[in-house]
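Notes to accompany the following structure.
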Protein chains: 2
Amino acid sequence: MGADYLAGPQGLLRSINARAVLDVIDREGPIGRPEITRATGLSKTTVAQALRELITRKVVTEAGTDTTRRGPAATLYQIDPGCALGLGVDIGHLRIRAAVVDAVGEVLAQAETRAPRRQAAATAAAVTALAAECAERAGTELGAIGQAVIGVPAVVGRDGHTIRRAYGLPQGGKGLVEAIERDLPVPLILENDVNLAAIAEQRFGACADVGDFVLLGVGVGLGAGVVLGGRLHRGFAGGAGEVGFLPHPATELGTEVLGARRIAEQAREAGIGGTPSPRELFVRARAGDEKALAVVDATARRIAHVAASIALVIEPELFVLGGGVGASADLLLGRVRHHLARDAAPLPITIIPSGVPEDAVLRGAAWLARHHAREHAFAAATGAGRPYDTDPAGQPRGSRKGDTT
Amino acid sequence: MGADYLAGPQGLLRSINARAVLDVIDREGPIGRPEITRATGLSKTTVAQALRELITRKVVTEAGTDTTRRGPAATLYQIDPGCALGLGVDIGHLRIRAAVVDAVGEVLAQAETRAPRRQAAATAAAVTALAAECAERAGTELGAIGQAVIGVPAVVGRDGHTIRRAYGLPQGGKGLVEAIERDLPVPLILENDVNLAAIAEQRFGACADVGDFVLLGVGVGLGAGVVLGGRLHRGFAGGAGEVGFLPHPATELGTEVLGARRIAEQAREAGIGGTPSPRELFVRARAGDEKALAVVDATARRIAHVAASIALVIEPELFVLGGGVGASADLLLGRVRHHLARDAAPLPITIIPSGVPEDAVLRGAAWLARHHAREHAFAAATGAGRPYDTDPAGQPRGSRKGDTT
DNA sequence: CAGTAGGTCGGAAACTTTCCTACTTGAGGT
DNA sequence: ACCTCAAGTAGGAAAGTTTCCGACCTACTG
């Protein structure tokens with residue numbers, strides 16, 4: 001319980017150096033020993049010792065030789081892909097998807113199924129079934145997976161186990177988490193879906209080197225994934241980024257600014273009959289339908305307002321337009337920028353389309369699961385884990401037991 | 001340019017341990033050697049060695065003895081107050097204040113003067129004169145001060161040297177920074193005044209153990225100091241927290257939500273003649289003046305809206321009401337809470353009065369200056385500085401030359 | 001007398017330097 | 001075309017240095 005001042009015996013130095021070697025190998029892909037020596041600044045003796053240790057601990061493996069230079073071939077080293085497996089799950093409105101990835105990010109298996117609409121228990125069963133299927137297809141078993149991350153359309157508490165405002169889940173998600181935790185023998189945490197999309201954007205998309213950005217997820221509702229200083233900002237109770245209810249000149253506080261429901265309502269107001277789906281509306285707009293275009297423009301205006309509000313609070317470097325409706329960036333983006341220029345000219349707002357058009361939530365979940373699984377394996381292998389915290393997404397792997405330490 | 005992987009020789013371990021000892025001494029005040037041993041987990045041999053080094057480096061001094069236990073008296077150690085001096089300056093609308101603090105936070109000297117209204121050059125001269133006066137009264141000279149932090153009513157860029165939107169400064173602050181940097185022989189950075197108030201709140205006020213909070217500074221304008229994860233969030237270009245322009249049901253984007261100007265306008269609308277100052281208005285309201293109370297209530301409503309908007313974006317643990325008008329918390333707070341409960345009931349918003357009623361900006365500036373000066377001195381003394389970054393306020397001490405590395 | 005503070009010494013752990021061997025390439029000579 | 005040798009590289013081992021820790025010792029105070 002005592003505060004940790006990070007002081008210790010020589011063993012600490014060994015941990016630090018082992019971790020440094022591991023990080024270099026992770027970052028520079030297959031890499032030879034002399035280069036590791038250069039990159040870390042350590043002596044080759046120390047690097048050799050660390051490598052021996054990491055190999056016996058099974059987090060690093062040899063990966064062929066490098067014969068580009070003259071002289072004897074240098075042995076190459078890489079992260080052992082099998083040292084940590086992650087399971088990502090995306091519980092969407094229509095489908096549930098799952099994927100198993102290895103320690104280097106390779107997708108070993110992926111599967112999906114239709115989302116049950118009525119019973120939370122059915123959703124839980126679908127998740128565990130998908131997970132089992134993925135594990136089998138990946139040639140492993142669930143017990144070997146180090147971490148599972150499940151993306152849900154809900155606010156997830158800091159502990160990663162409690163959900164609120166799960167309007168998009170059967171029975172409001174009641175009992176869902178408990179059922180999955182009971183039946184899935186994998187350390188598990190939940191995460192808000194838009195947050196995971198933001199992580200995907202950071203790792204695979206347009207925000208690789210952007211420290212502060214906000215992903216605007218326009219789907220059934222409007223949400224934002226807030227990344228500050230390279231790490232996801234969840235808020236005190238996980239409710240950061242719930243920007244769908246931001247005040248707006250045309251709405252009172254507490255009214256949803258945007259989302260499928262809101263778009264449908266606007267369609268009615270615009271005199272469009274038959275309550276078409278947002279997808280249908282965008283198809284019509286792309287075809288030139290004036291009324292549909294008006295709805296799109298209104299949507300863009302609201303997005304611009306939300307972005308401006310966010311910018312005034314945290315001033316991110318970049319906004320990214322993502323989510324289901326966000327995929328229609330070709331139609332929306334120009335109009336959003338137009339409204340920004342008109343109504344919020346002095347604000348330095350840059351907004352770009354998502355760089356992860358497909359499966360953003362699933363990929364983010366898989367990435368996060370892989371990250372936590374790796375962190376755990378690396379910490380075990382290097383003896384202490386990284387004392388200097390660079391964890392991009394906080395929060396360690398949740399246990400299955402509710403240990404409220 | 002190469003990425004730094006924090007690996008190194010045994011000397012690194014020495015640095016780490018020296019830093020750990022230093023941190024314990026800093027935190028636990030005068031403390032004996034055996035207790036340092038317990039707190040750090042190091043052996044007494046190592047602690048003794050580290051102490052010798054820190055004392056010869058002049059960052060630690062002996063501070064009497066502890067005779068509470070039986071046996072020989074234990075020597076006590078403390079941070080050498082003189083090892084780092086900081087200069088804090090608050091350039092306010094009416095007054096300019098400055099203070100010199102030592103490494104343990106003791107205020108050695110403080111001075112103030114009326115703020116020039118016309119010329120930025122006069123403001124700069126006033127600042128340097130105040131600084132010189134403070135240094136002299138503190139029994140030192142400007143060259144001995146390790147860091148100066150100047151709080152300004154403006155947006156300050158990440159470099160700590162460029163200011164924008166300095167409406168509250170003579171000539172919009174044009175040439176101010178350059179003049180001060182030319183004449184003040186101290187490493188210097190600027191900081192937004194509300195941000196400094198937030199730091200004061202974190203260090204001396206109500207938010208000592210709160211990781212995420214927002215200080216709402218209600219003064220001539222409305223600004224927010226955003227602290228996330230224990231560190232100030234400045235935004236990409238230093239513009240985070242400019243919440244005075246947040247959209248609001250009654251205002252268009254780009255209109256100032258709140259501030260002295262706005263309050264005066266509301267007073268006119270409420271039928272109050274003579275354009276009283278906000279301070280006067282609050283005096284009347286406290287006396288029971290109905291019209292003044294109406295203005296106060298409208299102000300509270302706007303604060304509530306701004307807080308709700310911020311909460312939807314970042315969901316801080318706590319809001320603090322500060323700034324000039326914020327000092328009238330007794331009148332405002334209840335009404336703000338009322339409006340929050342009515343309009344933003346589902347949001348978990350806690351708002352409390354400031355715990356730093358006096359000189360918040362100045363104290364924050366002094367704290368930050370002291371912090372940077374200390375960090376510099378400690379890094380020099382321990383050989384490497386802290387590799388594990390816990391810096392609460394980012395950004396090292398700016399140089400006087402504009403080195404855009 | 002017992003418990004505590006502080007110092008010293010030898011041992012253990014970890015990193016670095018230096019030296020050595022083995023291997024591959026490429027240039028130049030036969 | 002083949003051989004030889006110099007240069008450059010990879011890997012390993014031994015000696016040396018730095019740092020930390022445990023144990024022992026002395027001195028002091030209730």
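Below, chain A is the first sequence line, B the second, and so on; all start at residue 1.
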Regarding B:Ala73, tell me which of base, sugar-phosphate or nothing describes its non-hydrogen contacts under 4.0 Å with the strands shown.
sugar-phosphate
Nearest nucleotide by nearest heavy atom, which residue falls closer to the 5' end of DNA chain C, B:Ala48 or B:Gly71?
B:Gly71
Can B:Asp26 and B:Arg374 be said to form a salt bridge (charged side-chain N to carboxylate O under 4.0 Å, His left out), step by step?
CA-CA 11 Å; B:Asp26 182 31; B:Arg374 272 173 32 136; 2.6 Å; yes
Closest to the B:Asn17 side chain: C:dT16, D:dT9, D:dC20?
D:dC20
Taking only side-chain nitrogens and oxygens of B:Arg33, does any of them come within less than 4.0 Å of OP1 or OP2 of C:dG7?
yes
Name the closest nucleotide to the A:Thr45 side chain, picking from C:dT8, C:dT16, C:dA14.
C:dT16
Decide salt bridge (charged side-chain N to carboxylate O under 4.0 Å, His left out) for A:Glu35 and A:Lys44; before the verdict, give the C-alpha distance in whole Å, the side-chain angles of both, and the deciding distance to 0.1 Å.
CA-CA 10 Å; A:Glu35 262 196 275; A:Lys44 63 177 184 175; over 6 Å; no
What do the steps show when you test B:Arg14 against B:Glu53 for salt bridge (charged side-chain N to carboxylate O under 4.0 Å, His left out), and what is the final call?
CA-CA 10 Å; B:Arg14 186 163 207 145; B:Glu53 182 71 14; 5.1 Å; no
A:Asp66 atom CG is separated from C:dT24 atom P, nearest whole Å, by 13 Å
Measure CD1/A:Ile36 against P/D:dA10 and give the value in whole Å, please.
12 Å
Counting only side-chain N and O atoms of A:Arg14, is one of them less than 4.0 Å from OP1 or OP2 of C:dA13?
no
Could you state the CD-C1' distance from B:Glu35 to C:dT4, rounded to the nearest angstrom?
13 Å
Taking only the side-chain heavy atoms of A:Pro34 (C-beta and beyond), determine which of D:dG11, C:dC15, C:dC23 contains the nearest atom.
D:dG11
Mapping B:Gln49 and B:Lys44 to their closest nucleotides on DNA chain D, which lands nearer the 5' end?
B:Gln49
When the distance from CD1 of A:Ile16 to P of D:dC20 is rounded to whole Å, what number comes out?
12 Å
In this structure, how many angstroms lie between the C1' atom of D:dT17 and the CG atom of B:Leu12, rounded?
16 Å
C:dG26 C1' sits how many Å from A:Arg69 CZ, rounded?
17 Å
Tell me the closest heavy-atom pair linking A:Ala135 and A:Ile145, and the distance in Å.
CB-CD1, 4.5 Å
What's the closest nucleotide to the A:Arg70 side chain, out of C:dA5, C:dC15, C:dT24?
C:dT24
Assess whether a salt bridge exists between B:Asp23 and B:Arg27, defined as any Lys/Arg side-chain N lying under 4.0 Å from an Asp/Glu carboxylate O.
no
Nearest whole angstrom, please: distance from the P of D:dG22 to the CG of B:Leu42.
11 Å
Out of C:dC15, D:dA10, D:dC20, which has the shortest distance to the side chain of B:Thr46?
D:dC20
Using a 4.0 Å heavy-atom cut-off, does B:Thr67 contact any base of the nucleic acid, only the sugar-phosphate backbone, or nothing at all?
nothing
